[in-house]
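Comments concern the structure below.
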Number of protein chains: 2
Amino acid sequence: MKIEDAIKSNAMPDGRKTAIHIMYTANAIQDKSAEILKPFGITPPQFNVLRILRGQKGKPANLCTIQERMISKMSNTTRLVDKLITKGLVNRVTCEENRRKVEISITEEGLKLLSEIDEPIDLQNENIIKNLSSEEIEQLNNILEKIRG
Amino acid sequence: MKIEDAIKSNAMPDGRKTAIHIMYTANAIQDKSAEILKPFGITPPQFNVLRILRGQKGKPANLCTIQERMISKMSNTTRLVDKLITKGLVNRVTCEENRRKVEISITEEGLKLLSEIDEPIDLQNENIIKNLSSEEIEQLNNILEKIRG
DNA sequence: AAATAACAATTGTACATACAACTAATGTAA
DNA sequence: TTACATTAGTTGTATGTACAATTGTTATTT
């Protein structure tokens, strides 16, 4: 279904149409992710942070490092991390080399939770590209790269 | 810049990479929009609703109609409309044919605000596609369509 | 060394969003 | 016509997010 029909709109300039199409698609993906994550008691941004920390392979990360790497940059990562601490999924200690910084790391419990979530999320991700050829996947990523500039 | 580098990640399965890339790009677009809209005192979802109402060309819309057409479906459109009413940008009256429904319409003030916002937002939208050929724009929209299923 | 600037994170506060429970109106079935 | 179900929106409440002001720490300047 064309995006114009999905949002019951008439013809639009290419720029507006494309911008809306990207955001519309992204929201649909994110809503679906949120639904998958909900039974596990975490939100998409929290999941994103947990995966960033897992990617550190034991090495802790600063708040600003996490923020840089987040899919959706947000203006209160402190409180997002607070939630994860409350849930026992991450640890926070002040950095000894630079006491302004904090060192955040994922706990065993956090790793265990991620390992449970991996499968359903990977299934969703595979589902996203299931109608695309490998050429199309490559084209899409190249075009998105150009958009990001 | 590759998305893997943007989020400082290693190689990922195609599905995950593509999902992240779409959401990352959409968030960047939305953040930029929010920045443009801020001086006008409205948020992206509020702007979206105003444009939906303008598209009605005088004919009012129900809450559920608005919700259907929104880029980002949300679970409290009542309060979003409340905000727009407070700002004098839209009107709400109960529908006479079916008193469960409400009829929401954009005010003159709302139209005036939109007309001021149109130019900066269109500029942003054009900027998004400025590095793309018309073939690429078409490819992108076709691929996103396939993803939406 | 003292003063100032820059940096990293936290906190206060206002605002936005999600979700379930609820109200009210209409439609349907017995 | 009563009873029940469905529809459309609203409200309570909890949670999430934005942004500016603040705290504490380190770096730079004079």
Side-chain angles (χ1 to χ4, degrees), chain A residues 23 26-28 30-50 53 60-87 89-105, chain B residues 23 27-28 30-50 60-87 89-105:
Chain A
M23 292 190 287
N27 277 313
Q30 193 152 353
D31 287 355
K32 182 67 189 161
S33 297
E35 194 184 313
I36 293 169
L37 294 174
K38 207 182 160 196
F40 297 100
I42 61 171
T43 62
Q46 288 168 4
F47 177 60
N48 187 208
V49 169
L50 288 179
L53 293 175
N62 303 320
L63 249 198
C64 59
T65 306
I66 292 175
Q67 218 154 358
E68 266 174 21
R69 300 182 185 184
M70 286 177 75
I71 296 169
S72 165
K73 275 72 183 138
M74 55 171 285
S75 58
N76 219 329
T77 313
T78 297
R79 290 219 176 90
L80 195 155
V81 168
D82 284 346
K83 294 283 159 168
L84 293 173
I85 292 171
T86 304
K87 290 170 187 160
L89 303 173
V90 310
N91 281 322
R92 173 170 52 196
V93 296
T94 61
C95 175
E96 281 310 315
E97 295 85 59
N98 187 340
R99 299 177 50 73
R100 285 174 297 192
K101 299 189 180 184
V102 293
E103 290 184 331
I104 298 152
S105 51
Chain B
M23 293 190 286
N27 277 314
Q30 194 153 352
D31 286 355
K32 182 68 188 159
S33 298
E35 196 183 313
I36 293 170
L37 295 174
K38 206 182 160 195
F40 297 99
I42 60 171
T43 62
Q46 289 169 2
F47 177 61
N48 188 208
V49 168
L50 289 179
N62 304 319
L63 249 199
C64 58
T65 305
I66 292 175
Q67 219 157 357
E68 266 174 22
R69 299 182 185 184
M70 288 176 73
I71 296 169
S72 166
K73 275 68 183 142
M74 55 170 284
S75 57
N76 219 331
T77 313
T78 297
R79 290 217 177 92
L80 195 155
V81 168
D82 286 346
K83 294 284 158 165
L84 293 174
I85 291 172
T86 303
K87 290 168 187 160
L89 304 173
V90 310
N91 281 323
R92 173 172 50 195
V93 296
T94 60
C95 174
E96 280 310 315
E97 295 86 57
N98 186 339
R99 300 178 47 73
R100 283 174 299 191
K101 296 189 180 182
V102 292
E103 289 184 334
I104 298 153
S105 51

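Here the structure is a predicted model, which is why all the values come from computation and not from measurement. The sequence lines fix the lettering, A, B, ..., with proteins before strands; numbering per chain opens at 1.
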Legend entry - Annotated protein contacts, base or backbone, on nucleotides 14-24 of chain C with a non-hydrogen cut-off under 4.0 Å, one of B, S, - each: --SSBBS----
Inset, instruction - Specify the separation, in whole Å, of atom CD1 of A:Ile42 and atom P of D:dG16. - result: 11 Å
Show which side-chain atoms of residues 31-44 of chain B pair as donor or acceptor with protein atoms under 3.5 Å away, not counting sequence neighbours.
from, atom 1, to, atom 2, distance (Å)
B:Ser33, OG, B:Ile29, O, 3.1
B:Ser33, OG, B:Gln124, OE1, 3.0
B:Thr43, OG1, B:Gln46, N, 3.4

Listing, residues 90-98 of chain B side-chain donor-acceptor contacts under 3.5 Å, not counting sequence neighbours, or none:
from, atom 1, to, atom 2, distance (Å)
B:Arg92, NH1, B:Asp82, OD1, 3.2
B:Arg92, NH2, B:Asp82, OD1, 2.6
B:Asn98, OD1, B:Arg100, N, 3.2
B:Asn98, OD1, B:Arg100, NE, 3.2

Legend entry - Rounded distance in Å - CG (A:Leu63) to C1' (C:dT11): 13 Å
Determine all donor-acceptor pairs shorter than 3.5 Å in which one atom belongs to a side chain in residues 72-79 of chain A; sequence neighbours excluded.
from, atom 1, to, atom 2, distance (Å)
A:Lys73, NZ, A:Glu68, O, 2.9
A:Lys73, NZ, A:Met70, O, 2.5
A:Thr77, OG1, A:Gln67, NE2, 3.2

Inset, instruction - Round to the nearest Å and state the distance from B:Gln30 atom CD to D:dA18 atom P. - result: 10 Å
Inset, instruction - Can you tell me the distance, in whole Å, between the CD atom of A:Glu96 and the C1' atom of D:dT26? - result: 14 Å
Legend entry - Euclidean distance, atom CD of residue B:Glu68 to atom P of D:dA8 [Å, nearest integer]: 10 Å
Inset, instruction - Can you figure out which of C:dT10, C:dA25, D:dT25 approaches the side chain of A:Arg92 most closely? - result: C:dT10
Inset, instruction - Return each pair, listed once, that meets salt bridge (Lys or Arg N to Asp or Glu O under 4.0 Å) where at least one residue sits in residues 40-50 of chain A; pairs must be two or more places apart or across chains. - result: none
Inset, instruction - Nearest whole angstrom, please: distance from the P of D:dT6 to the CG of B:Asn98. - result: 17 Å
Legend entry - B:Leu63 versus B:Val81, closest heavy-atom pair with distance: CD2-CG2, 4.0 Å
Inset, instruction - Check the distance between D:dT17's P and B:Glu35's CD and give it to me in whole angstrom. - result: 20 Å
Inset, instruction - State, to 0.1 Å, how close A:Ala61 and A:Leu53 come at their nearest heavy-atom pair, and which atoms those are. - result: CB-CD2, 3.9 Å
Inset, instruction - Find the distance B:Asp82:CG to D:dT10:P and express it as a whole number of Å. - result: 7 Å
